[in-house]
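First the proteins, then the strands, lettered A, B, ... as listed; each starts at 1.
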Amino acid sequence: MYIINKSQVLDIARELQKEHQVYGPVMEKETRQVMFVAVDDIAELDLSAPIPAVPPKHAVFPHFERIMSYTYDRRNKKVEIKPDYDEKPKALFGLRSCDLTGIQCLDRFYLGQEFVDEVYRNHRKKMFIVTNTCNAPFRQCFCVCTDSGPSAHEGYDLNLTDLGDQYLVEAGSEQGKKMAERLSLSKADDSHRKRKEAIVDKSVSMFDSIAKDNKAWISRVVNRVTTGLIEEKVWEYIGDQCIECGACAFVCPSCSCFNIVDPVTGIDSADRMRTWDSCSYEGYSRMAGGHNPRKPVEDRRNKRFFCKLSYSQSKKYLRPGCVGCGRCAWVCPGDIGLPNVVTYIRREIQE
Amino acid sequence: MNYKSGICTFCGTGCGHLLDVRGNAVCGVFPLQNHPVSKGRLCVRGWNVHELLNTPEKITTPLIRKNGALAEASYDEAVSYLVDNLTKYKKNSSDEIGFLASPRSSNEENYLLMKLARSVVNTNNISLDSDPGHRLSLDVMHRGTGMAGMLGSLEEIAKADFLLVVGIDITKQNPIIGSEIHMAARAGAKLVVIDTRNTQIAKLSSRFLQIRPGAYRIAMAYLAKVLVNENLADTDFIKKYTDGYDGFASSLASLKEGDVAAKTGIALGPLQEVARDLAGSNAAMVFFSSGISGFDRDTISYIYNLFVLAGKIGREGCGVNPLTGINNLQGSYDMGIAPDLLTGFQPLSDAAVQDKFNREWGVKLNSGPGKSVYELMTGGNRLKALVVVDHDESIIRNVDEISAMDFVAYIGAFQNNFMNYAHVVLPIAAYVETDGTYTNTERRVQLSKKKVEPPKDILPGWKLIADIAFRAGAKWNYGSPADVMNEIATLTPNYSGISHEKLQGTFGIKWPGGAPRFSLEGTRRKVSFVPTGTNFAVPVASEEYPILLSIGESQHYWHQNNLMKKTAIPLREYNATLLLYPQGYVAISPQNARELNVRDRFPVKVVSPYGSMEAMVQVTDKVKPNTAYVAYFVHEMVTRFFLEHKDVLKRGEDATIPVRIVKV
Amino acid sequence: MSEINNTTIPEIATIEEIKDEIVEVKTFYFSFDGRTDGKPFTFKSGQFVMCTVFGAGEFAVSLPPSPEKDRFHLTVRKVGKVTSALHELKTGDKVGIRGPFGNGFPFDDIKGKNVIYVAGGIGLIPLRSSIMHVMQNKDKFGRILLFLGARTPQELMYQYNLNEWKAAPGFETHITVDNPVPGWDGETGFVHTLLKKADIPVKDTVAFVCGPPVMFNAVIKELTDLGFGEDCIISTLERHMKCGIGKCQHCSIGRTLVCTDGPVYTYRQIKTLGEQI
């Protein structure tokens with residue numbers, strides 16, 4: 001544990017910038033929207049800004065990304081394929097703990113199953129992660145229900161906690177420790193740790209009643225979703241409100257579905273692009289020829305919440321897929337963000 | 001910061017977004033949380049806009065048709081060719097040349113095209129398309145209130161406690177407005193949906209009345225009549241703020257109440273309750289479509305008069321709201337894209353208005369009334385030359401007329417069918433490649449800033465049109481789209497005070513003067529009841545044609561959407577329908593399917609008194625027995641079938657056609 | 001962990017031969033241009049590959065029983081954009097191949113048992129791979145029966161294999177068509193109706209079923225009525241697939257992914273997936 005003066009905390013990012021592309025929270029000036037973006041000017045970073053609207057997943061899983069390009073000379077029957085992996089080292093600075101949990105879910109899903117996803121691995125392999133403890137929850141937060149906040153436990157290289165005039169800096173890895181030493185940070189003592197604990201406790205107590213209230217319910221809902229004992233009418237109630245925009249998947253820190261297309265770029269050349277996809281779209285599961293095993297919208301909604309809340313999916317992430325950031329609630333044109341879905345299922349259980 | 005704020009330009013809602021700009025490419029999109037309309041939401045189109053912006057199917061070079069095929073040409077060659085033809089047809093411009101503008105173009109581009117047509121080519125033949133829907137709404141609103149636009153405010157939907165949605169599949173056409181209505185309903189507002197189909201918003205409503213196709217007018221008239229009969233009209237409001245009540249009351253007097261239930265297919269009881277709920281509410285709004293599935297003028301007039309009668313306009317949370325399907329449809333009319341209108345709905349026939357434009361433009365305008373391009377192409381007229389900007393509708397409906405023309409110029413950013421008939425094609429920059437303003441359905445003028453450079457040697461639309469004018473001898477002097485907007489603001493009372501400088505860093509300014517909505521409170525203004533007809537006839541099915549077919553927007557307002565076809569995910573969603581029903585579909589009820597002995601996707605023939613088409617059936621309980629629904633989007637259906645019904649569509653009788661459906 | 005090196009970037013293969021099967025169905029014979037890792041191309045019957053048609057896209061297609069050296073073939077029906085583009089290709093043209101992926105048929109578990117195949121239409125494509133494997137190892141299995149249905153006689157796939165199998169001792173075939181043409185002297189009707197009429201072993205028997213969902217459900221009902229246990233019915237499922245390696249999730253069904261957990265499932269597994277097949 002180390003300590004750094006508030007005025008110097010961005011020095012960590014400046015140090016990281018030497019070898020990494022730094023990503024962090026920045027407030028867009030005109031619209032006042034906080035985004036987690038690649039920055040060149042470290043002074044733009046704002047550690048006290050509210051939770052970024054966009055989760056940092058786009059740093060490891062971009063919205064729209066070329067994974068290879070190829071040429072196919074039809075006349076001479078020649079094909080050349082060029083892989084196009086993004087191997088730039090990246091540093092995520094000022095990540096909230098829910099978003100770190102999202103990255104951990106993606107890691108376990110993309111890297112920890114039977115196959116390793118090469119595209120993701122290249123984004124991820126030289127990464128440095130600095131997390132930032134949430135001193136107070138934001139509007140839609142419910143990470144206390146999903147065991148993913150307000151402070152990160154593991155998976156970071158450095159974790160920052162705002163103690164007022166100073167930041168407590170905890171190293172979670174060898175490379176984190178080296179960084180702290182390179183910056184010659186002074187050692188923290190037990191009083192600092194105690195102050196952090198008090199801050200986290202206070203933060204936990206400040207969560208909205210819906211978040212606190214649902215805490216015990218999440219596990220019962222997980223149980224219900226896993227066993228499939230939820231009545232059809234609950235899914236219909238949820239499905240009726242879905243306008244199939246795909247937003248819930250796009251803003252989810254742990255949603256990993258993608259589509260692949262080969263747009264033609266010339267007479268005999270094309271790219272292979274990966275783009276975010278959403279299970280709420282009707283075309284998502286439709287097969288060539290037209291058969292769609294998951295046509296009704298309620299079946300597709302059901303699928304999403306199964307993915308976020310069931311035990312079987314949790315096995316892939318080693319935790320529930322939902323990280324409690326609440327973004328799906330504010331982007332949803334219906335009223336079926338995950339906290340509400342928990343409430344609807346809970347209502348059914350109670351009835 | 002690589003995310004740059006902007007406006008989604010698919011539909012008339014005008015949602016805010018942030019585009020992920022890297023190098024000279026748009027690589028992603030994210031919704032804007034603080035945008036007052038969209039509040040952090042986007043629909044399937046908006047979430048995938050970067051796919052369109054990355055399409056290789058752009059026009060990359062000027063083209064001239066030589067020996068029947070389009071061939072690459074230099075910019076000078078192509079522009080000169082266009083200018084020569086403009087000069088050639090200028091001599092007889094009232095009859096021989098027309099300009100087809102796009103409801104997708106920015107205000108600045110539309111304004112300059114309008115100015116080019118009127119002041120350089122000396123013609124008033126400029127129009128959007130044959131589609132009259134929004135013009136009818138604007139005429140009614142203008143006649144009644146003097147304001148040619150939506151009367152309410154999208155930001156105030158949550159303030160209304162009664163919401164009426166009439167004949168619009170709103171969660172598909174304007175999904176984010178649909179969302180706002182749904183949220184208001186969840187917060188306690190009464191949501192009443194009157195529609196021929198059991199749409200998503202109908203499922204989410206507190207009361208859904210499934211109406212027979214073509215009976216909206218009589219239903220609206222009956223709601224008004226209930227207010228009068230039960231003394232529920234807002235008499236104080238009527239006395240203080242309105243005139244023309246007596247005329248409306250006499251129209252209502254001729255409505256035979258005995259007919260209403262049979263003609264609408266709805267019992268009187270529920271209709272009466274809707275009228276009472278409307279009267280009893282504090283603030284109420286009505287939403288209807290201003291597109292192809294829009295209403296005829298009389299139906300819009302009844303909707304408007306109903307809300308005046310109930311005292312539900314001119315206050316917070318109130319309003320009559322025609323919704324535009326395309327992003328800058330409202331702005332296009334504001335920019336005078338209509339033969340008889342100059343900017344801001346100023347009539348061309350008004351001498352004082354003409355003087356003002358003559359002075360400012362330094363020309364003498366052709367004061368003869370122009371005609372819409374559609375009128376000029378049909379009905380015995382012989383249009384010889386056509387200048388088209390970013391358009392894909394008419395080519396389907398009027399392909400014969402267009403291919404017979406002597407000269408067709410196509411100006412646009414993306415490739416489309418019109419190019420196959422063009423003699424000269426000029427590329428312009430896409431909307432992220434230049435500055436421009438767009439006016440959404442609630443009159444919100446929003447600035448979209450340039451985010452990436454256009455491809456080499458491709459001019460933005462405003463610059464291209466200015467160059468055409470210059471080469472044709474006009475002395476225009478614009479350094480930027482901001483200069484164009486300054487001129488618009490000078491000439492247009494509604495846009496007075498609007499400039500790019502003021503729009504910069506805002507979420508738009510609503511005309512006139514930033515007013516959130518049409519307001520009466522605290523003013524000496526008055527509104528009028530608009531004249532209404534007394535024809536309450538509804539389309540009738542006969543033994544020969546027993547099924548009433550209605551026409552509407554399909555899923556997500558795709559129809560001929562040239563832009564959607566250049567994406568991956570939205571295209572896949574579009575194909576989800578097209579692949580299942582490659583010939584297009586006609587939706588019928590399970591009962592009719594049993595009678596016909598057909599199942600989903602069986603081929604059928606739809607026969608009307610005018611023509612016939614083959615399609616597959618979609619069996620759905622969304623439509624009532626003996627009614628059918630066809631989505632206005634499948635190319636073959638439009639050409640083969642609707643072409644024969646042009647007159648029906650033009651009259652806009654809720655676009656209802658009695659048909660017979662037979663198994664093939 | 002997988003040992004496959006082409007999980008993301010396809011290997012290039014050349015079309016050596018194209019054979020017309022039935023209307024809109026062709027078999028393509030390929031060889032690899034050069035295995036980058038020097039390993040032979042090996043796979044199990046029931047697995048699949050992702051095949052790239054350059055400039056069009058990629059699709060999943062089931063593999064034959066086993067490679068002939070580094071040569072293999074794929075039978076493809078023209079259904080969508082990419083498969084249509086493949087059908088346009090000629091001998092000598094290149095495609096990209098990733099794989100093999102998927103679990104394959106559980107031959108080790110069914111040694112010594114009778115085997116029944118029930119195929120509808122192009123459902124025979126994946127099952128043929130299993131049939132050929134079983135025929136090659138006939139001594140390890142009991143009776144072998146094939147029930148095959150097609151819409152018309154012209155749509156009966158792999159006539160040359162059928163003739164060969166019919167002639168093979170101990171192989172019983174039952175073929176039916178929905179819409180017979182003049183000259184058709186075989187059975188007519190849906191394939192599940194054949195099951196009733198035939199003498200079918202139930203004890204120590206495994207049934208492989210593949211075909212369109214309607215046919216599948218009818219056959220399952222017939223088989224369970226006959227007394228087949230849910231573990232003794234094996235099928236191979238088809239889903240919209242993009243990556244083949246369990247990441248894009250398009251092929252998710254219930255809690256499984258068809259590309260990594262399947263495509264071969266027992267009926268017991270299918271039932272617990274809780275989704276339409």
For N259(A), is it the side chain, the backbone, both or neither that has a heavy atom under 4.5 Å from a heavy atom of chain B? side chain
Picking from E57(B), E180(B), R186(B), K4(B), which has the most non-hydrogen pairs under 4.5 angstrom with chain A? R186(B)
Show the nearest heavy-atom pair for residues L18(B) and Q33(A), with the distance to one decimal. CD1-NE2, 3.4 Å
Output every pair passing ring-ring contact (aromatic ring centres under 6.0 Å, His included) with a member in residues 248-267 of chain A, not counting sequence neighbours, ordered by first then second residue. H63(A)-F250(A), F250(A)-W276(A), F250(A)-W47(B)
Under 4.5 Å to a heavy atom of chain B? For Q241(A) that would be both
Contacts of T199(B) that satisfy side chain to side chain donor-acceptor pair (under 3.5 Å) - sequence neighbours left out: none
Heavy-atom nearest pair, E51(B) first then F64(A), reads CG-CE1, 4.1 Å
Options D40(A), D277(A), V251(A), ranked by heavy-atom pairs under 4.5 Å with chain B, top entry: D277(A)
For chain B, which residues of residues 20-29 of chain A have at least one non-hydrogen atom nearer than 4.5 Å to it? V26(A), E28(A)
Please say which of R41(B), Q200(B), K172(B) ends up in a side chain to side chain contact (heavy atoms under 4.5 Å, CB included) with I243(A). Q200(B)
Got more than 12 heavy atoms from elsewhere within 6.0 Å of CZ, R347(A)? yes
If one checks every heavy atom of N48(B) against chain A at 4.5 Å, the contacting part turns out to be side chain
In terms of heavy-atom pairs under 4.5 Å, which option from C245(A), A38(A), A53(A) contacts chain B the most? C245(A)
Report the residues that fulfil side chain to side chain donor-acceptor pair (under 3.5 Å) with S254(A), sequence neighbours left out, ordered by chain and then residue number. K308(A)
Of the listed residues (L32(B), L204(B), N2(B), T55(B)), which shares the most heavy-atom pairs with chain A below a 4.5 Å separation? L32(B)
What are the two closest non-hydrogen atoms of S179(B) and P333(A), and how far apart are they? OG-O, 2.7 Å
Counting heavy-atom pairs under 4.5 Å to chain B, which of V264(A), V54(A), V39(A), T275(A) comes out on top? V54(A)
Shorter than 4.5 Å, heavy atoms on both sides: which option in G334(A), P62(A), G266(A), S280(A) has the most such pairs with chain B? G334(A)
Using the rule given for side chain to side chain donor-acceptor pair (under 3.5 Å), can you reason through Q504(B) versus E30(A), listing the C-alpha separation, both sets of side-chain angles and the distance that settles it, and then say yes or no? CA-CA 9 Å; Q504(B) 175 68 45; E30(A) 279 175 6; 2.5 Å; yes
Checking F30(B) against chain A: side chain, backbone, both or neither under 4.5 Å from a heavy atom? side chain
